[in-house]
2 protein chains.
Amino acid sequence: MDESELAGKGLAISTVERETGLAKDTLRVWEKRYGFPAPDRDANGERVYSRDQVEKLILIKRLIDRGTRPAKLVRLSMEELLARTDPGVGAADDPPQLVEILQLVKTHSAVELRKRLEQALLEQGLEEFLRATAAPLSPIVGDAWMRGEIEVFEEHLYTETLQILLRSAIAAHSRPDGAPRVLLTTFPGEQHILGLLMAECMLWIHGATCVPLGPQTPVREIVLAAETQRIDVVGLSFSPAYPGQTAIDTLAALRAMLPAGTEVWAGGSNPALFRRRIDGVLPVREVSAISDAVVNWRASQPRHVD
Amino acid sequence: MDESELAGKGLAISTVERETGLAKDTLRVWEKRYGFPAPDRDANGERVYSRDQVEKLILIKRLIDRGTRPAKLVRLSMEELLARTDPGVGAADDPPQLVEILQLVKTHSAVELRKRLEQALLEQGLEEFLRATAAPLSPIVGDAWMRGEIEVFEEHLYTETLQILLRSAIAAHSRPDGAPRVLLTTFPGEQHILGLLMAECMLWIHGATCVPLGPQTPVREIVLAAETQRIDVVGLSFSPAYPGQTAIDTLAALRAMLPAGTEVWAGGSNPALFRRRIDGVLPVREVSAISDAVVNWRASQPRHVD
DNA sequence: TTCCATGATTTGTCCTAGACAACCCTACGT
DNA sequence: ACGTAGGGTTGTCTAGGACAAATCATGGAA
C-alpha cells in the first residue's frame, strides 16, 4: 500500500502528496498537461517519484502560494525557479540583526539561536520583539529555505525555538481577563500556529483575554465554542499554503453562523485575505495592527470602556 | 471548487476528507461496496454529504483506528456504533480524580480546568502527574467524545490547556544537558504532539537533553538533524489515527538510514507499534517506560555513565 | 489615458470503473 | 499447539474525461 521511501527507491504518489501539499489529482493532471513531474513506474505501473522531482515540486508549490501561476513555473528548470525566489526583499535589505539570527539557523546552532532570540526579546521587549524580529523573520527563513540555504529540519528547529520562547513569555505572567475575549484557532487543514501564537502575545500585551483552541477547529465547533465561552472576537490565522478560495468561503460561512455581535479577525501571510474585502471580516495585515484592532474594538463597544 | 458548508447545504467530498481523515478514494469505494455513506448529489452530480453522515464517518474512523474492521462497522446504525464505544474502561472504573477533571471538560470551564490541572501537577509532582493524570486522561477524553458526551472544541480546549501546562513546567526551569541527547518529532501526517510533549517532560525529569523538532519531519530531515545535532536517540510518537503500516515501513526506513549507534524509540497509543516487534526500534508502551529506557540506555553506553 | 465588461484560457477538483497487492482471518494439516 | 495455505477484505492506484470557477486578455466607453 505505502512504502514511503525504502532505501532511496523513490516515493509513492501518496507520500509526494503529503510532502508537497499537492493533491494526487493535481500531480496526475500536471503530468498529463505539462509533462512534469514525469515519474518512473514500478512493476505495477504505479508512479515512483525521485527525490529531485519532489524537491522541485515543493519549490513550485511555494512559488504558486506566493501568487505565480503554474503554467509559468512547471516547465521551468530548477535554476530558473531559483531565480524567481528572490522576493524583492533581498538578504542585503534585511536588518543586520535578522541576518545574524538567520546565520544561526543556517548553522543549526540550537543553543546559540535560543540565546540570541532570548536576548533580543529582553532588549526589545515583547511587543517590539514581535514587530521587529519574530514577524519579519518567518518569511526570511522561508525564503532562505527556498534558495536551498537552510534545511527543513533547521526551519523546524527555528519554529520550535521561537514557539517555546513566545509561549513561556506569556505563561510566565498571570493571564489578563480584560475585554475583548478572543478565541484563537485555525480552520481544518491549516497547521501553522506561529501566527496564532504571535497574535496571542500581542493580545496579551494589550490586556485582552485569549482562549486558544489550537489548530484545525471545524467551523461548527468554532461557533459552539464562541457561544459557550462568551467570545467577542474570533481570530483566525492563514499561512500562504492555505488555499485562498477555501479561506474566503469558510470565513463567509463562519461569519454567517456567528452572532452579529461577534467579530471575525483574519490574519497571516496568505495573500487571499487582502486581495478583496470579505464581508464582516477584519483583515489583519501585520501583528502590530492587532493593537489598533483592539483599540478600535473597545471604542466601538457602547459603554464598556475600561 | 470548494464551498465548505455554505448555510448548511452539506459538505463537499474534500471537506469530508479533511474532517474525517478518510481519503476521497476510500469514501467512494465504501459507497460502492457497503452503500454507506450515501451522499446526495448536487446539480453537477457531485457528492454532498450531510452533517449526520460525517459524524457517523468520524465515529467509524475512530473505531477502525482502534482495531475493528470496516465491514463490521460501516453497515451498523449510529446506536450500534455507540454501543461499541465502550472500550472496556468504563467511566465507573476510572479514578474519581480523572472523572472529576473530565467533568470540567464537559462543562467547558476553561479556567476551572486549568486550575484543577495545575493543582494536580503541584500535588503529584510532574512525573506522577504524567503517569497518573495526563497520560490516562487522553483516552478517557477521546472516548467521552466518541460517546457524544463532549464536543470537539472541548477536546481542543483540554488539549491546549494541558499543552500549555506541560510546556511551562519544562520552560520554567533550566534545561539539562545530560545524556542521552534525544530528538523528538513525528512523521509527516502525524500532527498530534501531546505524546511528544509528555515524553519531553519525562526525559527532562531524568536529565536527558531534548531537541524538539515539532511535528511532521520527513525521514531524510530527521537523519540530517540527528547527525548535525549529535543525537543519541530519535523519539517518535504515533496517535491511533496514524496508518499503522506506514508507521512500520517508515520506521524501518528511518532505522536503515540512521547510524547504528543512534537508537530509535517509538511511542504513542497506535496499536501497530506493539503488535509485532520492529527491528532496531524500541517500542515505548507508557510514558513511565521512558525512565527505564533512559536507564537502560545509560547502562548500555561503554564508559559514559554519569 | 483609465475603467469596466466580456470572452478565452487556465486550473483544480470531481466523476466512473476497474485493477491489484497487502493485509486479516480461517481452516487445515503436521 | 504451531505454522501454513487459501480466500475474503480493504485501501490505494490507474485511466480518461468533464466542468465550474478563477484569471488573464481584449476591446469599448468615459
Side-chain angles (χ1 to χ4, degrees), chain A residues 1-4 6 10-18 20-34 36 39-49 57 60-61 63-65 67-75 189 241-249 271-272 275-276, chain B residues 1-4 6 10-18 20-34 36 39-49 57 60-61 63-65 67-75 189 241-249 271-272 275-276:
Chain A
M1 294 194 182
D2 182 33
E3 351 172 352
S4 61
L6 288 165
L11 316 183
I13 195 168
S14 63
T15 310
V16 177
E17 175 180 44
R18 264 193 332 220
T20 63
L22 296 163
K24 297 187 192 82
D25 277 330
T26 306
L27 289 169
R28 286 191 273 254
V29 91
W30 280 10
E31 185 178 338
K32 186 161 59 175
R33 285 184 189 153
Y34 313 120
F36 180 87
D40 290 339
R41 300 297 178 124
D42 68 5
N44 307 320
E46 301 189 355
R47 292 171 174 78
V48 176
Y49 295 82
L57 284 169
I60 290 172
K61 172 65 160 51
L63 288 168
I64 289 175
D65 289 342
T68 320
R69 304 207 79 187
K72 312 212 160 180
L73 295 172
V74 174
R75 296 171 203 271
Y242 194 84
Q245 198 51 45
T246 309
I248 292 171
D249 292 346
R275 289 208 45 238
R276 210 169 304 170
Chain B
M1 295 193 181
D2 182 33
E3 354 174 349
S4 59
L6 287 165
L11 315 182
I13 195 169
S14 63
T15 310
V16 178
E17 175 179 44
R18 264 194 330 221
T20 62
L22 296 164
K24 296 186 193 80
D25 277 331
T26 307
L27 290 168
R28 287 192 272 253
V29 91
W30 280 10
E31 185 178 338
K32 186 161 58 176
R33 286 184 189 153
Y34 313 120
F36 181 88
D40 290 338
R41 301 295 178 124
D42 67 6
N44 307 320
E46 301 189 354
R47 292 172 174 79
V48 176
Y49 295 82
L57 284 169
I60 290 172
K61 171 65 159 53
L63 289 168
I64 289 174
D65 290 341
T68 321
R69 303 206 80 187
K72 312 212 160 178
L73 295 171
V74 174
R75 295 172 203 271
Y242 194 85
Q245 198 52 44
T246 308
I248 292 171
D249 291 346
R275 290 208 44 238
R276 209 171 305 170

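The figures here come from the full heavy-atom set of this structure, side chains too, leaving out hydrogens, waters and symmetry mates. Letters A, B, ... are given to chains in the order of the sequence lines, protein chains preceding strands, and every chain is numbered from 1.
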> Closest approach of A:V74 and A:F36, non-hydrogen atoms and distance?
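Answer, listing the atom of A:V74 first, then A:F36: CG1-O, 3.6 Å.
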> Report the residues that fulfil side chain to side chain donor-acceptor pair (under 3.5 Å) with B:R41, sequence neighbours left out, ordered by chain and then residue number.
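Applying side chain to side chain donor-acceptor pair (under 3.5 Å) to B:R41 gives B:E31.
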> Rounding to a whole Å, what distance do you find between B:I60:CD1 and D:dT10:C1'?
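That distance rounds to 15 Å.
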> Name the residue closer to the 5' end of DNA chain C, choosing between B:K32 and B:V48 according to the nucleotide with the nearest heavy atom.
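First, find each residue's nearest nucleotide; the 5'-ward one identifies B:V48.
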> Testing the basics here: between A:D65 and A:A241, what is the closest heavy-atom pair and its distance to 0.1 Å?
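Answer, listing the atom of A:D65 first, then A:A241: OD2-CA, 3.4 Å.
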> Could you give the CG-to-P distance, from A:L11 to D:dT12, as a whole number of Å?
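Interatomic distance, CG of A:L11 to P of D:dT12: 17 Å.
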> Starting from P on D:dT10, measure out to CZ on B:F36 and report it in whole angstrom.
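For the pair B:F36 CZ and D:dT10 P, the rounded distance is 15 Å.
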> The helix from C:dT1-D:dA30 to C:dT30-D:dA1: angle between its terminal axes, five pairs each, to 10°?
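End axes: 30° apart.
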> If the condition is salt bridge (Lys or Arg N to Asp or Glu O under 4.0 Å), which residues does A:R75 pass it with, not counting sequence neighbours?
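Checked A:R75 against salt bridge (Lys or Arg N to Asp or Glu O under 4.0 Å); zero matches.
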> C:dC20 P sits how many Å from A:I13 CD1, rounded?
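Atom CD1 in A:I13 sits about 18 Å away from atom P in C:dC20.
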> Who pairs with B:K24 by side chain to side chain contact (heavy atoms under 4.5 Å, CB included), at least two apart in sequence or on another chain?
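So B:K24 forms a side chain to side chain contact (heavy atoms under 4.5 Å, CB included) with B:I13, B:S14, B:E17, B:R28.
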> When you match B:N44 and B:Y34 each to their closest nucleotide on DNA chain D, which lands nearer the 5' end?
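Result of the comparison: B:Y34.
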> Could you pull out the closest heavy-atom pair between B:Y34 and B:P70, with the gap in Å?
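Taking B:Y34 first and B:P70 second, the nearest heavy atoms are OH-CB, 4.4 Å.
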> C:dC14 P sits how many Å from A:R28 CZ, rounded?
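Distance check: A:R28 CZ to C:dC14 P gives 13 Å.
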> Would you check if B:I60 and B:L22 make a side-chain contact, meaning some heavy-atom pair closer than 4.5 Å?
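Not in contact.
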> Taking atom P of D:dA21 as reference, at what distance in whole Å does atom CG of A:D249 sit?
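Spelled out: CG on A:D249 to P on D:dA21 is 10 Å.
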> Without decimals, in angstroms, what is the distance between A:L73 CG and C:dT10 P?
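Taking CG of A:L73 and P of C:dT10, I get 15 Å after rounding.
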> At a heavy-atom distance below 4.0 Å, what parts of residues 20-27 of chain A sit against DNA chain D?
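Residues of residues 20-27 of chain A under 4.0 Å from DNA chain D: A:K24.
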> Just jot down the salt bridge (Lys or Arg N to Asp or Glu O under 4.0 Å) partners of A:R33, sequence neighbours excluded, or say none.
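Not a single residue meets the salt bridge (Lys or Arg N to Asp or Glu O under 4.0 Å) criterion with A:R33.
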> Between A:R41 and B:V29, which is nearer to the 5' end of DNA chain D once each is assigned its nearest nucleotide?
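The residue closer to the strand's 5' end, by nearest nucleotide, is B:V29.
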> Please identify each residue that fulfils salt bridge (Lys or Arg N to Asp or Glu O under 4.0 Å) with B:D40, with sequence neighbours left out.
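For B:D40 there are no salt bridge (Lys or Arg N to Asp or Glu O under 4.0 Å) partners, ignoring immediate neighbours.
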> Given C:dC15, C:dA19, C:dT11, which nucleotide is nearest the side-chain atoms of A:A71?
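From the listed options, C:dT11 comes nearest.
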> Would you indicate which nucleotide in C:dA21, D:dT14, C:dC23 comes nearest to any side-chain atom of B:Q245?
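Nearest to the side chain of B:Q245 among the choices is C:dC23.
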> Where the side chain of A:R33 is defined as all heavy atoms beyond and including C-beta, which of D:dT12, C:dA17, C:dT11 is the nearest nucleotide?
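Selected nucleotide (nearest to the side chain): C:dT11.
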> Calculate the interatomic distance between B:W30 atom CH2 and D:dT9 atom P; express it in whole Å.
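In whole Å, D:dT9 P and B:W30 CH2 are 15 Å from each other.
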> Considering non-hydrogen atoms only, spot the tightest contact between B:A272 and B:G244 and give its length.
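Heavy atoms only, the tightest pair is CB-CA, 3.5 Å.
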> Could you pull out the protein-nucleic contacts involving nucleotides 24-26 of chain C (nitrogen or oxygen on both sides, under 3.5 Å)?
residue, atom, partner, partner atom, Å
C:dC24, OP1, B:R275, NH1, 3.1

> Can you give me the closest heavy-atom contact between B:G189 and A:R18, atom names plus distance?
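Heavy-atom minimum between the residues: CA-CD, 4.1 Å.
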> Go through the structure and list residues passing side chain to side chain contact (heavy atoms under 4.5 Å, CB included) with A:P243, not counting sequence neighbours.
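With neighbours one apart ignored, the set is A:T246.
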